[in-house]
Each structure stands twice: as structure tokens, then as C-alpha cells.
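What follows is one structure encoded as C-alpha cells, with my remarks underneath.
Chain A is the first sequence line, chain B the second, and so forth, proteins listed ahead of strands; every chain is numbered from 1. The figures that follow rest on heavy atoms only: side chains count, while hydrogens, waters and symmetry mates do not.
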2 protein chains.
Amino acid sequence: MTRRPTIKDIARRAGVSESAVSFALNGRPGVSQGTRDRVHRVAEQLGWQPNSAARALSGERAGCVGLVLARPAHTLGVESFFLQLVSGVQEVLASRKVALLFQVVEDIDAECALHRRWWAEKRVDGVLVVDPRAHDPRPALLSSLGLPAVVIGAPAAGEEAAALSTVWADDSAAMASVLAHLHGLGHRRVVHVAGLPGLAHTERRISSLRTEAARLGLDGARSVTTDYSDAEGAEATRRILDGPEPPTAIIYDNDVMAVAGASVAAERGIAVPAELSIVAWDDSALCRVTHPRLTALVRDTSGFGRLAAQELLDRLDGAPVRDIQAELPHLEPRESTGRRPG
Amino acid sequence: MTRRPTIKDIARRAGVSESAVSFALNGRPGVSQGTRDRVHRVAEQLGWQPNSAARALSGERAGCVGLVLARPAHTLGVESFFLQLVSGVQEVLASRKVALLFQVVEDIDAECALHRRWWAEKRVDGVLVVDPRAHDPRPALLSSLGLPAVVIGAPAAGEEAAALSTVWADDSAAMASVLAHLHGLGHRRVVHVAGLPGLAHTERRISSLRTEAARLGLDGARSVTTDYSDAEGAEATRRILDGPEPPTAIIYDNDVMAVAGASVAAERGIAVPAELSIVAWDDSALCRVTHPRLTALVRDTSGFGRLAAQELLDRLDGAPVRDIQAELPHLEPRESTGRRPG
DNA sequence: TGACACCGCTAAACCGCATTAGTAGAACTT
DNA sequence: AAGTTCTACTAATGCGGTTTAGCGGTGTCA
């Protein structure tokens with residue numbers, strides 16, 4: 001139950017004023033090198049750390065950034081994406097001693113309310129925004145509050161990202177590469193089992209599928225949307241396979257649905273990849289542990305997080321808004337894709 | 001870029017002193033009902049929220065609790081456990097407007113350093129501790145700092161949890177129920193593919209397996225440890241199946257390894273459950289999407305998180321240290337377990 | 001040699017809130 | 001009518017930092 005040391009303690013032991021201590025510890029001019037060293041030594045010895053509340057109060061930063069995840073609770077924990085992203089984010093933040101406030105909420109209204117509260121409470125210096133969507137209310141809100149933010153993922157087509165930086169991967173090009181792969185294997189009827197309809201990247205992938213399919217002359221290509229859960233992924237797969245002219249290849253928007261789809265095929269005795277090819281968007285342990293292993297679109301998710309965190313820190317340091325493109329995801333062919341049957 | 005309203009603004013508009021505002025907003029005596037109402041109305045109108053830094057500084061709480069995850073980055077994101085736990089934790093915290101500081105670090109030394117820093121910075125009012133392990137340095141550290149904490153998971157046998165509350169599930173009983181299930185199906189040779197060796201619950205499960213197996217007369221029962229990854233899960237499975245007297249049932253300490261194990265069996269043409277039964281400790285979408293679906297030990301992970309968060313809040317309110325036992329996990333039999341072959 | 005700039009430091013104000021001490025006025029005693 | 005107790009409020013202080021203003025002492029230069 002030790003008492004926390006303060007700069008007052010340091011000042012007393014070093015025989016200087018509190019202001020001198022503050023100057024010394026923050027590398028500001030106004031103290032001689034000798035005094036500076038002495039103060040640092042005493043601070044170290046006392047194990048002093050700045051009280052974050054006091055810092056935040058005196059006009060400075062809170063030393064903290066926020067990340068809100070607006071997803072219904074039951075769809076959480078099935079995807080590896082977020083923990084990976086967060087771990088990348090933290091690598092960068094931790095190196096600068098910035099903390100991460102993390103919260104899961106039910107929907108986007110709750111998310112907006114939370115941003116507003118964090119701002120009013122002066123709890124965070126900036127926020128990371130994930131899952132950009134069509135008609136997204138968050139960019140406008142955040143810029144009206146003057147809260148620096150970085151959007152992770154490309155905004156919906158046609159929408160300017162207000163005054164927010166964006167870190168994104170080119171989903172359109174990625175979709176094109178998947179279709180090229182399938183087309184090269186002879187597939188002509190392809191279905192895309194997409195994620196949540198409101199999300200910007202979902203719409204982007206859907207529209208890219210359409211234009212790219214038209215270009216390649218794949219006329220059966222279409223998308224269906226889901227909530228990303230294994231249940232809806234399986235259900236969609238059943239409907240697709242039961243429909244007229246079932247496809248010879250299916251692209252799933254996440255790993256969980258892809259595995260669920262593969263399982264439905266197995267259940268029905270449909271051989272993968274002999275009769276049906278499967279591609280997962282986002283690689284994970286999941287894709288490697290199933291049998292056959294799934295061909296997947298690999299992206300460096302934690303690298304993505306690192307990029308976003310770095311950009312947010314830069315923004316806090318006054319850097320201008322930027323638009324950063326992450327490395328293009330690449331396709332990792334495994335055993336779940338093969339030549340078109342017949 | 002609106003300015004944040006402060007109690008000074010409220011005081012001015014309501015025509016009273018700042019102290020009166022503070023009393024009114026905090027439900028303290030010393031203001032008439034009329035003034036109280038007026039202050040509340042003005043505060044609402046201005047959209048005032050207490051500045052968390054100022055609150056924390058003036059002796060009060062930081063309004064924030066911490067959770068550190070000490071796992072090497074590559075083992076992250078494969079398990080659904082943590083996001084589920086965190087989402088449960090937050091349900092409770094959010095209802096009390098307490099924020100969650102979340103950080104992922106490489107190892108337990110980094111975790112200890114972080115706890116120390118958070119304490120010194122007065123960033124958190126208390127912390128949640130996960131993955132208790134044998135010879136765990138954290139309880140002693142936290143109690144010497146006087147930082148309220150709740151340990152999630154039972155401490156290693158023989159170790160007192162210092163002055164920390166504990167929320168735990170009875171792993172021994174759970175292991176017993178799994179063995180009873182397998183014994184009932186006629187299995188006599190069972191292997192347990194456990195997780196990280198240092199963790200308290202790993203050791204608990206291992207020792208429970210041993211005593212329970214002895215009681216039931218299963219003499220081939222043994223445990224091997226891994227790092228929880230799909231790679232080590234698969235590797236362990238190969239070694240086990242290649243060894244002398246291969247088991248007829250395998251218990252895996254998480255879902256990912258169980259699926260990886262099932263995949264190894266499939267690869268080798270070993271039929272599940274006809275030739276090999278598989279049990280996963282911890283249910284998830286994963287166990288339901290594979291084919292055959294995996295028999296799993298189900299626990300209410302987010303409920304676990306809720307319990308822990310509630311206990312931490314109680315501790316912050318001055319409640320005494322408690323030892324809370326969560327609901328016993330129950331076994332959900334699916335298609336991956338069946339009668340012993342032969 | 002006086003004016004001026006510069007260095008190294010201290011004193012004091014301030015951030016937004018909680019809290020303690022104090023105070024004016026009304027109500028109640030006796 | 002003077003003393004006491006309440007009520008409803010204000011003034012002042014402190015939390016732990018940052019920051020601005022100011023102040024002696026020394027060096028520089030005209």
C-alpha cells in the first residue's frame with residue numbers, strides 16, 4: 001500500500017522547485033544538464049510515473065485512444081479478425097505508452113453515444129473506427145466533435161470520409177484476384193456468400209464481384225448476404241446448393257462461414273474440391289485445420305492494426321489527414337479449390 | 001469543435017456557485033430541491049458529462065478497470081474464449097459507466113510491469129487477472145500495490161490467492177464428467193491434449209485426469225501439454241496416434257486443437273467416432289461447423305465475464321474478498337464421441 | 001559603464017472537479 | 001430579545017501535473 005510518488009517528492013529530494021522537475025522530465029529547456037540528470041535519477045529511484053489524470057487535466061492528452069466494436073454479442077468471438085487487429089494496434093500504442101480503451105456495444109447508435117461520452121469525459125484523445133458502413137453517421141459526428149479518428153476499412157463508394165484518415169485494403173482488387181483464380185480453374189458459376197449488408201466492404205465486394213464477373217463472362221455470379229455467423233453461412237449454403245443451377249465455386253466473406261459451408265457439403269456428400277470449390281476471405285487457423293484445408297485470401301491483419309494505430313498517433317501529433325492503402329491481400333491456394341467438375 | 005461544458009458553465013447559467021452544482025449533480029445534501037432540479041436541467045441541456053481526468057484527480061475513482069492478456073501474439077485470435085469473456089465483462093461495466101482498459105502483452109513480466117504502471121499512473125481502479133498460473137507473481141504484486149483485483153480462474157493448487165477475489169469454474173469436476181462420459185462409452189485408453197503447462201487450470205485438469213482415471217481404472221490415461229495452437233494440437237495428435245497403444249479417445253483443452261486433431265484423423269483415414277472419439281474443452285462455432293460436429297464441454301463464458309466484472313465492482317465499493325464459483329460446465333454430446341471400437 | 005539579452009531557476013496560476021470550512025438568514029428556543 | 005440550531009448556499013483549498021510570468025545573476029556589446 002505504498003504511496004504514489006509525485007513530482008513534489010522528486011522536487012524535495014532533488015532540492016529544486018516542482019516546475020524545474022516538470023521541465024526536466026519533459027525535456028523542456030530551462031534547466032541545466034546537471035539538474036536535469038539529477039532529477040531523472042531521483043525520479044527513477046522513486047519509481048515515479050506521471051499521474052495520467054493530472055496530465056490529462058492540465059490541457060494535455062489523456063494518453064488513451066478508443067476502439068468500439070458494434071456487433072451483436074452472439075456474432076462475437078467467432079472471428080479471429082478483431083483480436084488480431086487489436087493485437088497489432090497495441091503493439092504500436094504500447095511502444096508509445098498510449099493505452100487502449102476497448103468496448104463492445106450492441107449497435108451503431110450505442111457506438112455514437114459512446115464516442116460522444118468519451119469525448120465529453122475527455123477520456124480519449126482519438127478513436128479507431130471499424131466496420132465503416134453505408135450512410136455511416138460516425139465520420140460526421142467525430143469531426144463535429146473534433147475527435148481525431150482513423151477509419152479502418154474503405155468508406156462506402158461515393159462517400160467522402162469527412163476529415164478522417166482511412167486505412168484500407170483494396171477489396172475490389174482482391175475480389176478480382178479470387179475470381180481470376182476461379183476463372184482460371186474453369187469455373188463459370190460462382191456464388192458469393194457475403195457478410196452484413198450494411199457494411200461498406202460488403203457492398204464493395206458485392207459490386208466488384210458483379211463487374212468483374214461481367215468482364216470475365218461469368219453470368220451466374222451473384223452475392224447473398226448474411227450476419228457472418230456459422231448458422232447463416234450454413235443456411236445460405238444449403239439454399240444455394242438446393243437452388244437451380246448450383247454453382248461450382250463459393251466465396252465466403254469470412255473463415256467461419258467457409259468452414260460451415262464445407263461442412264454442409266460434406267454432410268451432403270458433395271466432394272470438395274472435386275464437385276465444389278471453396279474460398280475463404282480471411283485466413284486463420286480455422287482454414288488450416290479443416291480437411292481439406294481451405295484456399296484463403298490472406299491479409300496481414302495485425303499489420304493492418306499497426307498501420308491504423310500509427311496513423312492515429314500521427315494525427316494526434318498534428319499530421320494531416322491521410323488515405324493509406326494497406327498491402328493487397330493475396331490468395332493462398334490450398335486443397336479446397338480445384339478444376340471445375342465435368 | 002465545440003468546447004466541452006464544465007460545471008462552471010452550469011453554475012453561471014443556473015445562477016449558483018460551482019460547489020452547489022457539484023452537490024446537486026452528485027446527489028449530496030446541501031441544496032434545495034428547486035435548485036437541484038434547475039441544475040440538472042441546465043446540465044442536461046448543455047450535454048455536460050464529468051471530465052474523467054478531473055474526477056480521478058480529485059481523489060476519486062478513475063472510472064476504469066484494466067484487463068491484460070499475456071499471450072504470445074501468434075496464439076491470439078484463434079480462441080473465441082477471450083472476446084466472449086470480454087463481452088460479458090463489458091456488459092456489466094458499461095451499465096455502471098466504467099471503462100475497460102485492455103492490453104495484450106508478450107509475457108507475464110510485461111504484464112506485471114503494466115500493472116505497476118497503471119497503478120502509478122492512477123489509470124485504473126482495479127484489474128481483472130486471467131490465466132492464473134503456478135507460482136504466479138501477480139497476486140502478491142497487486143496486493144502490495146493495494147490495487148483491487150479479481151482473478152478469473154482457480155489459482156494453482158496449494159496457493160492462496162493472497163487478498164484477491166476469485167471467480168472460477170470447477171475444472172476437476174468437469175474433467176470427471178468428461179471421463180465418466182467416455183468411460184460409459186467403454187473407452188479405456190484416453191489421452192488429454194492440454195494447453196500451456198504453466199497455467200493453473202492446465203495443472204488442475206491434468207491432476208484431475210490422473211486421479212479420476214485411477215478411480216475408474218483407466219490405466220492408459222495421460223496428458224501432454226501444448227501451446228494451444230492448431231499446429232501443436234495437430235502435432236501432438238500425430239505423435240499420440242503413432243505411439244504404442246494409441247488411445248480410443250482424446251480430450252483437447254480448446255476448440256481449435258480439437259478441430260485440428262479431428263483433421264489429422266481424417267487425413268489418416270481414422271473414422272470419428274467409429275475408431276476415435278474426440279472431446280473439445282470449450283464449445284464454439286468451430287465445434288458445430290466441423291463434420292462430424294464435436295462433443296464439447298460448454299461453459300457460459302460471457303456469464304463468467306459478467307460474474308467477474310460484478311465482483312470487481314463490488315470490491316471497488318468496499319465489499320470483502322470473495323471466492324465465487326461459476327456454474328459447472330456441462331458436456332454437450334455430439335457426433336464426435338461414440339462407443340469404443342471393437 | 002550602462003543597456004540589454006540570456007540562462008537557470010522559482011512563484012503562481014490554472015485545468016475541472018470534490019470537499020471542507022464558513023456564513024448569512026430563517027426558524028425555533030427559552 | 002438573545003442564543004441556538006438548521007438550511008441553503010458560497011469561498012477556498014487541494015488533487016498532480018503544465019505553463020506563464022518574473023527574477024536575480026552573468027555575459028555581451030556599444
Side-chain angles (χ1 to χ4, degrees), chain A residues 2-40 42-43 46-64 97 117-125, chain B residues 2-40 42-43 46-64 97 117-125:
Chain A
T2 356
R3 201 176 61 83
R4 249 169 280 264
T6 71
I7 53 168
K8 190 177 285 179
D9 300 320
I10 301 178
R12 198 174 319 120
R13 308 247 310 223
V16 291
S17 72
E18 295 174 42
S19 344
V21 173
S22 177
F23 291 145
L25 293 173
N26 291 296
R28 292 230 183 330
V31 268
S32 66
Q33 193 57 46
T35 308
R36 196 177 292 273
D37 293 345
R38 189 152 34 90
V39 167
H40 270 111
V42 174
L46 258 46
W48 177 87
Q49 294 283 114
N51 177 317
S52 61
R55 274 233 165 123
L57 188 54
S58 48
E60 277 317 279
R61 307 255 184 82
C64 193
K97 299 204 174 186
R117 188 149 68 81
W118 278 353
W119 169 79
E121 293 181 346
K122 201 167 183 195
R123 229 183 235 289
V124 298
D125 298 317
Chain B
T2 355
R3 201 176 62 82
R4 248 169 280 265
T6 70
I7 54 168
K8 190 177 286 178
D9 300 320
I10 301 177
R12 199 174 318 119
R13 309 246 312 223
V16 291
S17 71
E18 295 176 44
S19 345
V21 173
S22 177
F23 290 146
L25 293 173
N26 291 296
R28 294 233 182 321
V31 268
S32 65
Q33 194 56 46
T35 308
R36 197 177 292 273
D37 293 345
R38 189 151 35 90
V39 167
H40 269 112
V42 175
L46 258 47
W48 177 87
Q49 294 284 115
N51 177 317
S52 62
R55 275 239 164 118
L57 189 54
S58 50
E60 276 319 278
R61 307 254 183 82
C64 193
K97 299 205 173 184
R117 187 150 67 81
W118 278 352
W119 169 79
E121 293 181 346
K122 200 165 183 196
R123 228 182 235 290
V124 296
D125 298 319

By the 4.0 Å heavy-atom rule, please label V21(B) as base, sugar-phosphate, or nothing.
nothing
Distance below 4.0 Å between T35(A) side-chain N/O and dC9(C) OP1 or OP2
yes
Intermediate values then yes/no, side-chain contact (heavy atoms from CB on, under 4.5 Å), L25(B) and H40(B):
CA-CA 7 Å; L25(B) 293 173; H40(B) 269 112; 3.9 Å; yes
note: N26(A), atom CG; dG16(D), atom C1'; distance rounded to Å ~ 13 Å
In sequence, state the C-alpha distance, the side-chain angles, and the governing distance for V16(A) and V31(A), and then conclude on side-chain contact (heavy atoms from CB on, under 4.5 Å).
CA-CA 10 Å; V16(A) 291; V31(A) 268; over 6 Å; no
Distance check needed: dG16(D) P versus N51(A) CG, whole Å only.
7 Å
Let me know, please, whether A54(B) or F23(B) comes out on the 5' side of the other along DNA chain D by nearest nucleotide.
F23(B)
At less than 4.0 Å, is any side-chain N or O atom of R28(A) found next to OP1 or OP2 of dT18(D)? Yes or no.
no
Are OP1 or OP2 of dG17(D) and a side-chain N or O of S22(A) less than 4.0 angstrom apart?
no
Take the C1' atoms of the five end pairs on each side of the helix from dT1(C)-dA30(D) to dT30(C)-dA1(D), derive the two axes, and give their angle rounded to 10 degrees.
60°
Would you say S32(B) places a side-chain N or O within less than 4.0 Å of OP1 or OP2 belonging to dC9(D)?
yes
Ignoring backbone atoms, test whether R4(A) places a side-chain nitrogen or oxygen under 4.0 Å from the OP1 or OP2 oxygen of dG16(D).
no
Distance check: side-chain N/O of W48(A) vs OP1/OP2 of dG17(D), anything under 4.0 Å?
yes
Name the nucleic acid region contacted by S19(A), choosing base, sugar-phosphate or nothing; use a 4.0 angstrom heavy-atom cut-off, strictly under.
base
For dC15(C), does OP1 or OP2 lie under 4.0 Å from any side-chain N or O of S58(A)?
no
Tell me whether the OP1 or OP2 atom of dG16(D) has a side-chain N or O from R55(A) closer than 4.0 Å.
no
